[in-house]
Amino acid sequence: MVMEIQRPRGTRDFLPYEMARRRNVENRLRKVAKHWGYGEIKTPTFEHIELFTIKSGEGILGEIYNFKDKGEREIALRPELTAPVVRMYVEELQRSPKPLKFYYFDNCFRYERPQKGRFREFFQFGVEIIGSARPESEAEVIALAVEMLNSAGVKGDLHVGHLGIVRALFKDIQPEHQSKIMRLVDKKDDKGLEEFLDEIRAPDEMRGKLFRLIGLRGINAVHEARELAGDIEAIAQFETLLSLLDVYGMEYTVDLGIARGLDYYTGMVFEIYCEGLGAQNQVCGGGSYRLAQLFGGEDTPSTGYAIGFDRIMEICEVAPQASKRIVVVSFDDTRKEAVVIGNKLRAHVPTYVDVMGRKFKDQISYANTIGASHVVIVGKNELDAGKVALKDMRTGEQELVTVEEVAERLKLD
RNA sequence: GCCUGGGUGGGGUAGCUGGUCAUCCUAUGGGACUGUGGAUCCUACGACUCGGGUUCAAAUCCCGACCCGGGCCCCA
């Protein structure tokens, strides 16, 4: 008795139909990224674990898939792709012309409890723009994210915030306390936040401003934020960003309560939410960050985001691209000719030739079962005329043509 | 990590107040119809997630593990 081996928890097999859907959506996203001038990159599936432990934040740590390799190195399967991209930049691209614009589509790994829209191996389609701290690049990145989602037929709610504004309030507090505060803000855990502020004896004035600030929403938020935080650089930049988003024609909600789970964000942050995903309603998240310095490079501002590809697949209604395919059917005395003809047709259109030793009728029946659009009949009668019979499976009509004509008519665009 | 619902052939199901050989549909292989598909008929294949426990007897009751779904947390 052998044990049946199952796939590990939180992983998936993708069958042909689902893969066709995924490729379809993937190609749409790629096309948009390409047209906006972003170049595809690929980084290793695993990295040294420090790359992710340095600055990704507590949240990520417990979720990392890690192991020691045979050379005793601590290795981690990547839980996300921003850190690897910045590592790559520091390692080999610091002296290239700015800004650098990259996109990637790859699998990531997190040890979490699987749920709807959440897996242990999942796919992110992401974008990073490196070398610009300007609101122009932030606006472009956000617009690109929305455009990509649109291309997949996904409509989401865009929320935009700015960590620099909130952080300016407590710039005198220790960094560890700051990130703890941001986490509480992110969770919208007002009670926990109050308790923590008590604990570190935060000044009353700051507390009041903080609570009002993170509650700010909508168009007047910037104006009110200025009254609360003063006329600081971050607000001016945020204001410019918002006006640029207007230029792009974006619809958005200002939300200064966005904090994000990864600790490396420093400026603009945004999230896009969608219906129909249960608890995992976020399909895209990103912002501006500074990571290069941490990885031994020069301080370099960057902006990026990642789209939860699997979540998009969950809600978008994209079907696989209709695939043409034909079946070559033959008789016992024409099987070899059928192989030759099948080979010619394969250069132009997906072609099936019987490999089951089936009889003529069953071959046609099979063609019907797999939804072939056409059948090419290779029989003695047809061959004697130097032709084959092309049968349209939908109409049932059939005509005598040459192999070249079949190729010409059915070839892929 | 926490709370909650659930696991019967490849897919979908009946049985689940313990008791013939576990039901039916579908899919798949083979066959009949013998150079023209979807139908029909015959046939083959194939399951109680795993491990303990209770019992004369467990798919059925109990416990645990594993896996799946939903929620919390976190995040994409």
Side-chain angles (χ1 to χ4, degrees), chain A residues 1-13 15 56-64 78-82 105-126 145 149 154 156 183-184 186-189 192 258-263 270-274 277-286 304-315 327 329-334 356-383 388-398:
Chain A
M1 190 61 198
V2 277
M3 193 179 68
E4 187 185 354
I5 299 180
Q6 304 176 311
R7 60 179 183 265
R9 182 164 205 201
T11 63
R12 292 156 295 162
D13 296 313
L15 305 183
S56 290
E58 278 177 23
I60 284 269
L61 287 185
E63 302 171 353
I64 286 186
R78 55 177 174 223
E80 53 111 16
L81 279 150
T82 299
F105 174 61
D106 261 312
N107 51 352
C108 298
F109 307 84
R110 290 186 198 173
Y111 193 88
E112 286 189 285
R113 173 106 193 214
Q115 252 177 63
K116 187 179 179 68
R118 171 192 290 181
F119 307 93
R120 289 186 174 177
E121 182 189 23
F122 60 98
F123 291 76
Q124 288 196 333
F125 199 115
L149 291 176
V154 172
R183 258 194 306 284
L184 291 166
D186 191 38
K187 280 188 216 171
K188 316 263 188 255
D189 181 2
I258 297 179
R260 306 217 28 85
L262 300 169
D263 273 352
F270 73 101
E271 300 182 335
I272 300 176
Y273 314 99
C274 281
L277 279 164
Q280 276 62 242
N281 64 343
Q282 194 181 317
V283 297
C284 178
Y305 65 82
I307 289 176
F309 188 76
D310 307 284
R311 293 182 180 177
I312 290 196
M313 291 312 301
E314 195 92 18
I315 49 178
V327 175
V329 306
S330 59
F331 303 88
D332 284 337
D333 58 351
T334 57
M356 295 284 280
R358 283 190 171 112
K359 285 182 284 189
F360 178 75
K361 185 166 181 171
D362 291 330
Q363 290 179 44
I364 293 194
S365 179
Y366 174 72
N368 182 58
T369 304
I370 66 168
S373 56
H374 293 80
V375 158
V376 170
I377 296 168
V378 179
K380 259 263 156 353
N381 302 342
E382 290 80 5
L383 288 177
V388 295
L390 177 62
K391 179 185 174 84
D392 184 319
M393 290 297 277
R394 226 184 50 241
T395 64
E397 283 166 19
Q398 186 171 322

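Naming: A, B, ... by sequence-line order, numbering from 1 per chain. Just so it is clear, the values below take in all heavy atoms, side chains as well, and ignore hydrogens, waters and symmetry mates.
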Worksheet item: In terms of the angle between their ring planes, are A/F270 and A/Y305 parallel, tilted or perpendicular, with boundaries placed at 30° and 60°?
Response: perpendicular

**Under-3.5 Å donor-acceptor pair between A/E271 side chain and B/A76 base** = no

- prompt: Is any side-chain N or O of A/Q398 under 3.5 Å from a base N or O of B/U36, one able to act as donor and the other as acceptor?
  reply: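 A donor-acceptor contact between them is present.
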
Does [N] have a Watson-Crick or wobble mate here (both distances under 3.5 Å), and if so which one?
{"N": "B/G35", "answer": "none"}
{"N": "B/G1", "answer": "B/C72"}
{"N": "B/A65", "answer": "B/U49"}

Open item on the list: Taking the C1' atom in each of B/A27 and B/A44, what is the distance between them to the nearest angstrom?
Closed with: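 Result for the C1' pair: 14 Å, nearest Å.
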
(request) For the pair A/K116 and A/E314, find out whether any cationic side-chain nitrogen is under 4.0 Å from an anionic carboxylate oxygen. (result) yes

From the list [options], which nucleotide is the closest neighbour of the side chain of [X]?
{"X": "A/D362", "options": "B/G70, B/G29, B/C33", "result": "B/C33"}
{"X": "A/R110", "options": "B/G35, B/U28, B/A76", "result": "B/A76"}
{"X": "A/P114", "options": "B/G69, B/A76, B/G35", "result": "B/G69"}

Hey, does the side chain of [X] come within less than 4.0 Å of [N]'s phosphate (OP1/OP2), counting only N and O?
{"X": "A/K391", "N": "B/G37", "result": "no"}
{"X": "A/K359", "N": "B/A32", "result": "yes"}
{"X": "A/R113", "N": "B/C3", "result": "no"}
{"X": "A/Q115", "N": "B/G70", "result": "no"}

Let's go through A/F119 and A/D310 carefully: what are the C-alpha distance in whole Å and the side-chain angles of both, what is the deciding distance for side chain to side chain contact (heavy atoms under 4.5 Å, CB included) to 0.1 Å, and is it a yes or a no? CA-CA 9 Å; A/F119 307 93; A/D310 307 284; 4.1 Å; yes

